[in-house]
Amino acid sequence: MNKKHTTTSGIEIKDIYTTAKPLTETPGQFPFTRGIQKDMYRGRLWTMRQYAGFSTAEESNKRYHYLLAQGTMGLSVAFDLPTQIGYDSDHEMSEGEVGKVGVAIDSLKDIEILFDGIELKKITTSMTINSTASILLAMYIALAKKQGADLKEISGTIQNDILKEYAARGTYIYPPKPSMRIITDIFEYCIKEVPKWNTISISGYHIREAGSTAVQELAFTLANGKAYLNAALEKGLDINVFAKRLSFFFNCHNNFFEEIAKFRAARRMWAHITKSLGATDEKAQMLRFHTQTGGSTLTAQQPLNNVIRVTNQAMAAVLGGTQSLHTNGYDEALSLPTEAAAKIALRTQQVIAFESGVTDTVDPLAGSYFIETLTEEIEAAAQTYIDRIDAMGGSVNAIENGYIQQEIANASYQYQKEVESAERIIVGVNKFNQEVEGINDVLNIDESIRTIQIEKLNKLKLERNNQAVDLALKNLTNAAKSDQNLMPFILLAVEEYATLGEIADCLRNVFGEY
């Protein structure tokens with residue numbers, strides 16, 4: 001009996017495909033299955049980003065200058081856990097975590113150091129930050145103002161996707177309703193003040209990293225996207241304006257064709273979702289997305305194999321039509337990436353862009369019986385999930401009753417069973433493995449980083465105008481108790497050098513913790 005072949009989402013793969021739904025769509029036109037631009041990479045390559053941030057702002061700044069010198073086209077900032085959950089480096093909850101998984105940011109002073117020598121008007125910056133996104137965005141805006149940049153022209157992205165934090169990742173602070181209020185306040189503020197800023201990057205990446213299938217990643221991400229659209233509409237915002245500044249962040253896993261079909265299905269589904277909610281401007285119907293290669297696919301065993309995995313995943317992202325791409329370092333299962341690993345990861349993108357030929361035509365796999373059929377099947381399977389979530393009242397309800405979390409947990413358990421039984425082969429882990437093979441050069445973060453940050457905090461609090469800080473925090477607290485937009489108050493507090501923890505605590509005192 002022949003073995004049954006399926007994608008990671010359980011979609012059965014036939015031996016051969018001899019037909020598919022006729023292809024009538026043109027790239028750059030609704031519903032954008034074949035890409036959001038008519039000429040795609042012939043007109044402009046994707047933005048090559050490298051996610052970086054570790055230790056202190058000073059150390060991360062050195063890495064940014066290195067990456068920009070190597071040809072990176074945009075920066076992508078990783079923050080440490082205390083920064084992500086609204087604690088200053090001197091808080092007891094920060095012990096052992098300062099600077100470990102990203103850069104430690106306690107105040108505007110750190111942001112000034114982080115981007116020292118880098119003109120914000122000349123780069124785009126993506127910040128992977130959620131519960132404290134409003135504070136980090138305010139710090140970035142404050143620095144742009146100090147540099148004399150035109151705020152109407154600065155561009156970048158904050159992740160700002162709190163729903164996936166409740167569902168899959170865990171770096172939330174406040175309950176869902178006030179969190180959604182902060183997000184829509186950011187939408188409203190940026191429309192007027194920083195119109196080129198992408199105010200949310202709706203993230204499937206962490207859903208996939210938590211163990212979901214490709215179909216679940218797509219379905220839960222788009223369902224969350226619908227929740228943000230509805231929240232903004234309830235606030236009275238114009239979908240034809242704010243939806244243009246929504247972007248997405250997807251994972252690219254190992255199953256080459258499934259990932260390509262997932263990206264194509266995502267564009268088509270989002271176009272129909274936005275249209276059904278009233279979007280008539282094509283730019284408000286377009287799904288623009290950043291991709292990161294799959295962190296959970298990297299192995300500590302035979303780590304150099306990860307170079308091949310990342311290349312495979314990056315190629316799938318490009319063939320799927322991504323607007324921006326980060327390639328993981330081969331050593332990231334062991335530590336934050338070294339400079340050498342980061343350079344190879346960037347060179348991977350450059351080789352694909354300039355040597356492979358895949359950028360010469362738009363949607364080169366279009367018309368493939370397999371790709372077109374798989375795109376249809378992934379869309380249908382994801383839509384079944386979305387219909388189920390809609391029947392529950394949307395993503396917030398589905399998260400609060402644990403439905404999404406349980407579906408991800410079930411998929412993760414099934415995947416692990418397949419690996420442990422060797423039904424799913426992971427090269428170097430459960431087949432073709434060797435006794436010992438490691439790498440000598442790994443990046444270690446010194447525990448003294450916290451001491452350095454605490455010294456900087458103490459100095460800051462002595463030098464700043466503490467009376468002005470107290471007034472700014474009092475005004476922010478009052479605004480949080482009213483229905484005023486919080487962003488101007490957060491910006492004023494940031495500009496007086498209130499710390500991230502002080503601002504987050506103001507909001508904790510009003511909104512509570514989840």
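Keep in mind the model is a prediction, meaning the values are calculated, not measured.
Applying the side-chain hydrogen bond (donor to acceptor under 3.5 Å, both in side chains) criterion to Thr125, with sequence neighbours excluded, gives Tyr140. For Glu58, the salt bridge (Lys or Arg N to Asp or Glu O under 4.0 Å) test picks out Lys456, with sequence neighbours left out. Applying the salt bridge (Lys or Arg N to Asp or Glu O under 4.0 Å) criterion to Asp116, with sequence neighbours excluded, gives no partner residue. Contacts of Asn328 classified as side-chain hydrogen bond (donor to acceptor under 3.5 Å, both in side chains), with partners at least two apart in sequence or in another chain: Gln292, Thr293, His326. By the side-chain hydrogen bond (donor to acceptor under 3.5 Å, both in side chains) test, Glu153 is found to be paired with Lys196, residues two or more places apart in sequence or in another chain being considered. Partners of Tyr514 by ring pair (Phe, Tyr, Trp, His ring centres under 6.0 Å), not counting sequence neighbours, listed by chain and number: Tyr166, Tyr172. Residues meeting the ring pair (Phe, Tyr, Trp, His ring centres under 6.0 Å) test with Phe263, sequence neighbours left out: Phe289. For His272, the ring pair (Phe, Tyr, Trp, His ring centres under 6.0 Å) criterion is met by Phe30, not counting sequence neighbours. Listed by chain and residue number, Ile454 satisfy the side chain to side chain contact (heavy atoms under 4.5 Å, CB included) test with Asn458 (two or more places apart in sequence, or in another chain). For Asn61, there are no side-chain hydrogen bond (donor to acceptor under 3.5 Å, both in side chains) partners at least two apart in sequence or on another chain. For Tyr497, the ring pair (Phe, Tyr, Trp, His ring centres under 6.0 Å) criterion is met by no residue, not counting sequence neighbours.
Looking only at atom types and distance, the side chain of Thr291 has a donor-acceptor partner in the side chain of Thr322 under 3.5 Å away. Side-chain N/O atoms of Ser296 and Glu209 include a donor and acceptor closer than 3.5 Å. There is no side-chain donor-acceptor pair under 3.5 Å between Ser201 and Asp161. A donor-acceptor contact closer than 3.5 angstrom links the side chains of Asp387 and Gln383. Under 3.5 Å, the side chains of His206 and Ser203 contain a donor-acceptor pair of N or O atoms. Looking only at atom types and distance, the side chain of Gln453 has no donor-acceptor partner in the side chain of Asp90 under 3.5 Å away. Between the side chains of Asn130 and Thr171, no donor N or O sits under 3.5 Å from an acceptor N or O. When only modelled atom types and interatomic distance are considered, Asn224 and Ser395 share a side-chain donor-acceptor pair under 3.5 Å. Of the N and O atoms on the side chains of Asn410 and Gln414, not one donor lies less than 3.5 Å from an acceptor on the other residue. A donor-acceptor pair shorter than 3.5 Å cannot be found between the side chains of Gln323 and Thr47.
Under the 4.0 Å criterion applied to side-chain N and carboxylate O atoms, Lys109 and Glu463 are not assigned as salt-bridge partners.
Under a 3.5 Å cut-off, the side chain of Glu217 and the backbone N or O of Asn251 do form a donor-acceptor pair. In this structure, the side chain of Tyr205 engages the main chain of Gly295 through a donor-acceptor pair within 3.5 Å. Between the side chain of Asn240 and the backbone N or O of Asp281 there is at least one donor-acceptor pair closer than 3.5 Å.
Relative orientation of the Phe248 and Trp270 rings is perpendicular, given thresholds of 30° and 60° on the angle between their planes. Relative orientation of the Tyr403 and Phe220 rings is perpendicular, given thresholds of 30° and 60° on the angle between their planes.
Annotation for Ser131 and Gln84: closest pair OG-O, 2.6 Å, computed over non-hydrogen atoms. Closest heavy-atom contact between Asp80 and Gly99: OD2-N, 2.8 Å. The two residues Ala498 and Ser107 have their closest heavy-atom pair at O-CB, 4.4 Å. Considering every non-hydrogen atom in both Val215 and Ala382, the closest pair reads CG1-N, 3.7 Å.
Interatomic distance, Thr213 OG1 to Glu407 CD, rounded to the nearest 0.5 Å: 9.0 Å.
Applying the side-chain hydrogen bond (donor to acceptor under 3.5 Å, both in side chains) test to every pair with at least one member in residues 500-512, sequence neighbours left out, gives these pairs: Arg464-Glu502, Thr499-Glu502, Asp505-Arg508, Arg508-Glu513.
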